[in-house]
J.: 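Sending over a structure as structure tokens; questions will come in a sec.
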Protein chains: 2
Amino acid sequence: MFSKSCKYAIRAVLYLAIHSNAEHKLGVKEVAEALDVPGPFLAKLLQQLSRHHLISSTKGPNGGFYLSKANSNANLRGVVESIDGPEVFTSCILGLPVCSSNNPCPLHSRALIYRQGLLELVEDQTIKEVAKRVERQELKI
Amino acid sequence: MFSKSCKYAIRAVLYLAIHSNAEHKLGVKEVAEALDVPGPFLAKLLQQLSRHHLISSTKGPNGGFYLSKANSNANLRGVVESIDGPEVFTSCILGLPVCSSNNPCPLHSRALIYRQGLLELVEDQTIKEVAKRVERQELKI
DNA sequence: AGAATAAAAGAGTTTTTTATCTTTTTATTG
DNA sequence: CAATAAAAAGATAAAAAACTCTTTTATTCT
Ligand code: FES
Ligand code: FES
């Protein structure tokens, strides 16, 4: 469903939400090791998220990646859109050039339900809320 | 979501459902041109579907691909599983090694809803039923 | 039987995605 | 202000997915 990159990105964001804040930033290496994900690759992803202002970062000693208040009050949709592109939520499930109710493909009407589930997945809770649940219920990332 | 291969496969199966039967088989070329899909690549996909008995084929003059009665009374799930693998319906949305309610990832519970939508998409109508609707409503493939 | 036809199988090639390595820039601290 | 720590940027490499080409095998028709 999501690309591998996107899965890494979501997990990294949640890790940052739990373990970092403006006073305590994390290096790529720590995050990569915690998630068991290739470090240099994750670096690229975090840089991209940072460029799109979905996470925050500073250079230099004591620098690193972290989530600002604003970052963690957002939901995960932006993260997904930043990595996999916004089309994941709108494109035709059969790959036809446009998806529209005027010109639907054979699976269009049911695709809407599926897509609704997908949106709920990433939209109806903030990153902070997800992180809280992870801590309370000791979920794996 | 589905791989490109899988999208091609679904569309090809629907095309066969509409335009072929045991007495009138279609060559790869015709299907590929109708769907505007790379021919030799589609050939591989159809061969694979045929090996898994999701579509039917015969060699030689007047040979080609077609859907048997049994084929068109099945749903699309088998087609998807044959091309993209059965994991698409069961694997963790964040790519964790196992997906289970005992050991859920942060998105697991909502992932179930999403996955339900996905299953409905491919499971709760037969290929024949989809094909009928395509004909009646003149849908694009 | 022999020619023609069409899928099956096998062996490439290209493109995209995933992953690594190196250098540069920026901030911090002593 | 020098030394250092860390992200940013750039360039390269490996793996996977998408796509192509060639040969083989089965079937039909003359
Ligand atoms: S047209 Fe295919 S999903 Fe909407
Ligand atoms: S554990 Fe991640 S979706 Fe079930």
Side-chain angles (χ1 to χ4, degrees), chain A residues 1-13 16 20 22-33 35-68 71 80 82-85 87-88 95, chain B residues 1-13 16 20 22-33 35-68 71 80 82-85 87-88 95:
Chain A
M1 165 51 225
F2 298 134
S3 68
K4 226 166 168 182
S5 296
C6 191
K7 292 170 182 170
Y8 291 167
I10 293 173
R11 292 171 62 209
V13 167
L16 289 174
S20 84
E23 284 77 48
H24 181 64
K25 297 158 192 170
L26 305 181
V28 179
K29 209 179 159 193
E30 167 173 352
V31 181
E33 282 172 3
L35 302 181
D36 192 24
V37 148
F41 188 60
L42 184 61
K44 291 290 178 197
L45 298 174
L46 293 180
Q47 280 166 30
Q48 187 172 344
L49 292 175
S50 183
R51 252 182 279 124
H52 287 80
H53 306 294
L54 298 161
I55 68 177
S56 307
S57 69
T58 62
K59 294 182 178 184
N62 292 316
F65 294 96
Y66 65 102
L67 295 202
S68 67
N71 291 153
V80 172
S82 169
I83 303 291
D84 277 356
E87 323 78 57
V88 293
Chain B
M1 167 48 224
F2 297 134
S3 68
K4 227 166 167 183
S5 296
C6 191
K7 292 170 183 169
Y8 290 167
I10 294 172
R11 293 170 62 209
V13 167
L16 289 175
S20 83
E23 284 76 49
H24 182 61
K25 298 156 190 170
L26 305 181
V28 179
K29 209 179 158 192
E30 169 175 349
V31 180
E33 282 172 2
L35 302 181
D36 193 23
V37 149
F41 188 60
L42 183 61
K44 290 291 180 197
L45 298 173
L46 293 182
Q47 281 164 30
Q48 186 171 344
L49 293 175
S50 184
R51 251 182 279 125
H52 287 79
H53 306 294
L54 298 161
I55 67 176
S56 307
S57 68
T58 62
K59 295 182 176 184
N62 290 317
F65 294 96
Y66 66 101
L67 295 201
S68 67
N71 292 151
V80 172
S82 170
I83 303 292
D84 277 355
E87 324 77 57
V88 292

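None of the values given here were measured: they were computed from a predicted structure. Chain letters run A, B, ... following the sequence lines, proteins first, then strands; residues in each count from 1.
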J.: Rounded to the nearest angstrom, tell me the gap between atom NZ in Lys7(A) and atom C1' in dA19(C).
T.: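 Answer to the nearest Å: 16 Å.
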J.: What is the distance, to the nearest angstrom, from the NZ atom on Lys25(A) to the C1' atom on dA5(D)?
T.: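 Going from Lys25(A) (NZ) to dA5(D) (C1'), I get 13 Å.
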J.: Given atom NZ of Lys4(A) and atom C1' of dT20(C), what is their separation to the nearest angstrom?
T.: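 Going from NZ in Lys4(A) over to C1' in dT20(C) covers 14 Å.
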J.: For the pair Gln48(B) (side chain) and Ser82(B) (backbone), establish whether a donor and an acceptor sit closer than 3.5 Å, ignoring hydrogens and angles.
T.: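 Present.
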J.: Just to be sure I understand the rule, does Lys44(B) reach a base, reach only the sugar-phosphate, or reach nothing, if contact means heavy atoms closer than 4.0 Å?
T.: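 Since a base atom lies under 4.0 Å of Lys44(B), the category is base.
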J.: Less than 4.0 angstrom between a side-chain N/O of Ser57(B) and OP1 or OP2 of dA7(C), yes or no?
T.: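 For dA7(C), OP1/OP2 do not have a side-chain N/O of Ser57(B) under 4.0 Å.
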J.: Looking only at the side chain of Arg51(A) (C-beta and beyond, no hydrogens), which of the listed nucleotides dA9(D), dT18(C), dA7(C) gets closest?
T.: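 That would be dA9(D).
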J.: Can you check whether Asn62(A) has a side-chain N or O nearer than 4.0 Å to OP1 or OP2 of dA5(D)?
T.: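 Negative; the distance criterion is not met.
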J.: Check whether any side-chain heavy atom of Val31(B) sits under 4.5 Å from a side-chain heavy atom of Val37(B), and report yes or no.
T.: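 They are not in side-chain contact.
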J.: Grab the CZ-P distance between Phe41(A) and dT17(C) for me, whole Å please.
T.: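 Distance, rounded to whole Å: 10 Å.
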J.: With heavy atoms under 4.0 Å as the rule, sort Gly60(B) into base, sugar-phosphate or nothing.
T.: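 The residue Gly60(B) makes base contact.
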J.: Would you kindly give the CG-to-C1' distance between Leu16(B) and dA7(C), to the nearest whole Å?
T.: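 Leu16(B) atom CG is separated from dA7(C) atom C1' by 13 Å.
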J.: Considering heavy-atom distances to DNA chain C, does Ser3(A) or Pro61(A) have its closest nucleotide positioned more toward the 5' end?
T.: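 Whichever sits nearer the 5' end wins; that is Ser3(A).
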J.: With a non-hydrogen cut-off below 4.0 angstrom, is Pro40(B) in contact with a base, only sugar-phosphate, or nothing?
T.: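 Here Pro40(B) touches the bases of the nucleic acid.
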J.: Can you see if the side chain of Ser50(B) gets near the phosphate of dA8(C) - specifically, an N or O under 4.0 Å from OP1 or OP2?
T.: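 So the side-chain polar atoms of Ser50(B) do come within 4.0 Å of the phosphate oxygens OP1 or OP2 of dA8(C), strictly under.
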J.: Can you tell me how far the CZ atom of Phe65(A) sits from the CG atom of Leu16(A), to the nearest 0.5 Å?
T.: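 Spacing of CZ (Phe65(A)) from CG (Leu16(A)) equals 8.5 Å.
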J.: For the atom pair OG (Ser5(A)) and CG (Asp84(A)), what is the distance rounded to the nearest 0.5 Å?
T.: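 These two atoms lie 7.0 Å from each other.
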J.: What is the nucleic acid contact for Ile83(B), judged by heavy atoms within less than 4.0 Å: base, sugar-phosphate only, or nothing?
T.: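 No contact.
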J.: Round to a whole Å and report the spacing from NZ of Lys29(A) to P of dA5(D).
T.: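 Rounding to the nearest Å, NZ of Lys29(A) and P of dA5(D) are 12 Å apart.
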J.: Hey, does Leu42(A) reach any base, or is it just sugar-phosphate, or nothing, if we go heavy atoms under 4.0 Å?
T.: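 Nothing, no nucleic acid heavy atom in range.
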J.: For Gln47(B) and dT20(D), give me the distance from atom CD to atom P, rounded to whole Å.
T.: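 Atom CD in Gln47(B) sits about 15 Å away from atom P in dT20(D).
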J.: Side-chain N or O of Tyr8(B) versus OP1/OP2 of dA18(D): is the shortest distance under 4.0 Å?
T.: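 No, outside the criterion.
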J.: On DNA chain D, does the nearest nucleotide to Gly39(B) precede the nearest nucleotide to Lys59(B) from the 5' side, or the other way round? Give the residue.
T.: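 It is Gly39(B) whose nearest nucleotide is closer to the 5' end.
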J.: Please report the distance, rounded to the nearest Å, between CZ in Phe2(A) and C1' in dT18(C).
T.: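 After rounding, the gap between these two atoms is 18 Å.
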J.: Cationic tip of Lys7(A) within the cone over Phe2(A)'s six-membered ring, i.e. under 6.0 Å and within 45° of the normal?
T.: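 Output no; distance or angle outside limits.
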